[in-house]
J.: 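First the structure, which I've put down as structure tokens, then a few questions once you've had a look.
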Amino acid sequence: MIKEWATVVSWKNGEALVECDVKASCSSCASRSGCGSRVLNKLGPQMTHTLSVPCDQPLVAGQKVELGIGEASLLTSALLVYMSPLVGLFLMSALFQMLFNRDLATLCGAILGGVGGFLLAKSFSPKLANRSEWQPVIISVGLPPDLVRIDNSPAE
């Protein structure tokens with residue numbers, strides 16, 4: 001199970017609206033000072049994702065929860081999104097190359113195959129997203145923010 005911490009935005013009738021920060025993997029890399037990807041990640045907008053997750057336990061805004069999603073569902077969705085356009089691109093370009101034996105036709109076939117694979121992935125995504133094993137679940141719940149107190153007074 002892949003886990004990530006999120007912050008509760010609101011809770012109503014057994015549905016928690018949680019917000020996850022997008023983290024770049026570049027923050028933990030050993031070569032982060034000379035990496036071009038880190039610079040590009042800093043230039044882009046800092047995004048957050050908002051999800052609706054079922055939760056019977058009442059939650060308050062600002063509370064931290066740990067979300068989990070199965071590895072199989074994540075890998076399957078990544079395969080669907082990345083491989084279907086790629087396979088469509090290769091298959092259609094090979095087919096157009098065999099049929100027409102022209103570079104321009106091969107290029108057109110590759111474009112059609114890539115777009116077709118993208119549309120195929122887009123049409124399958126909502127059907128797969130409704131499966132219960134593809135939904136994130138709350139694994140653990142942190143303390144509400146009003147129960148956490150930090151004492152900064154000097155010890156005597």
Side-chain angles (χ1 to χ4, degrees), residues 1-93 110-156:
M1 179 145 310
I2 297 172
K3 302 173 184 176
E4 183 66 39
W5 284 94
T7 306
V8 176
V9 176
S10 66
W11 181 86
K12 190 180 207 180
N13 299 331
E15 286 287 320
L17 194 64
V18 297
E19 195 171 72
C20 300
D21 292 327
V22 175
K23 294 179 187 151
S25 60
C26 297
S27 61
S28 60
C29 180
S31 64
R32 62 179 167 239
S33 60
C35 180
S37 294
R38 182 169 186 260
V39 174
L40 290 175
N41 283 338
K42 281 186 167 184
L43 292 176
Q46 300 299 322
M47 294 177 18
T48 59
H49 293 288
T50 305
L51 304 168
S52 179
V53 182
C55 179
D56 296 331
Q57 178 182 353
L59 302 172
V60 296
Q63 194 169 3
K64 295 285 188 180
V65 293
E66 186 177 25
L67 299 176
I69 190 166
E71 289 98 351
S73 63
L74 190 65
L75 289 174
T76 306
S77 64
L79 276 173
L80 177 69
V81 168
Y82 290 113
M83 292 305 289
S84 58
L86 191 62
V87 168
L89 181 139
F90 284 127
L91 287 178
M92 291 301 286
S93 64
I111 291 170
L112 285 174
V115 169
F118 170 76
L119 293 174
L120 181 74
K122 188 175 178 181
S123 68
F124 273 117
S125 293
K127 294 176 185 118
L128 295 174
N130 290 333
R131 292 183 174 177
S132 61
E133 63 267 11
W134 284 48
Q135 300 301 317
V137 293
I138 294 178
I139 298 171
S140 62
V141 178
L143 290 174
D146 57 346
L147 289 181
V148 179
R149 181 177 48 195
I150 299 173
D151 188 13
N152 288 334
S153 62
E156 293 182 27

J.: Rounded at 0.5 Å granularity, tell me how far CD in Glu4 sits from CG in Leu51.
T.: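 With rounding to 0.5 Å, CD (Glu4) is 10.5 Å from CG (Leu51).
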J.: Compile the donor-acceptor pairs under 3.5 Å between side chains in residues 130-138 and protein atoms, sequence neighbours left out, one pair per line.
T.:
unit_1	atom_1	unit_2	atom_2	d
Asn130	ND2	Pro126	O	3.2
Gln135	NE2	Ala129	O	2.2

J.: Quick check on side-chain contact (heavy atoms from CB on, under 4.5 Å): which of Val141, Thr7, Val18 does Lys64 satisfy it with?
T.: Thr7
J.: Please tabulate, one pair per line, all N/O donor-acceptor pairs under 3.5 Å involving side-chain atoms of residues 69-88, not counting sequence neighbours.
T.:
unit_1	atom_1	unit_2	atom_2	d
Glu71	OE1	Met1	N	2.8
Glu71	OE2	Met1	N	2.4
Ser73	OG	Gly70	O	2.8
Thr76	OG1	Ala72	O	2.6
Ser77	OG	Ser73	O	3.2
Ser77	OG	Leu74	O	2.9
Ser84	OG	Leu80	O	2.6
Ser84	OG	Gly117	O	3.1

J.: What residues form a side chain to side chain contact (heavy atoms under 4.5 Å, CB included) with Ser140, not counting sequence neighbours?
T.: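 Ser140 satisfies side chain to side chain contact (heavy atoms under 4.5 Å, CB included) with Trp5, Glu66 once adjacent residues are dropped.
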J.: Do any pairs count as a side-chain hydrogen bond (donor to acceptor under 3.5 Å, both in side chains) and have a residue in residues 52-61, sequence neighbours left out, and if so which ones?
T.: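 side-chain hydrogen bond (donor to acceptor under 3.5 Å, both in side chains) check on residues 52-61 returns Glu15-Ser52.
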J.: Could you pull out the closest heavy-atom pair between Ala6 and Cys20, with the gap in Å?
T.: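 Closest approach of Ala6 to Cys20, heavy atoms only: CB-SG, 3.5 Å.
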J.: Would you sort out whether Leu17 and Thr50 count as a side-chain contact (heavy atoms from CB on, under 4.5 Å), showing the intermediate values?
T.: CA-CA 7 Å; Leu17 194 64; Thr50 305; 3.6 Å; yes
J.: Nearest heavy-atom pair of Gln63 and Leu143: which atoms, and what distance?
T.: CG-O, 3.7 Å
J.: Which residues satisfy the side chain to side chain donor-acceptor pair (under 3.5 Å) test with Ser125, sequence neighbours excluded?
T.: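 Partners of Ser125 under the side chain to side chain donor-acceptor pair (under 3.5 Å) test: none.
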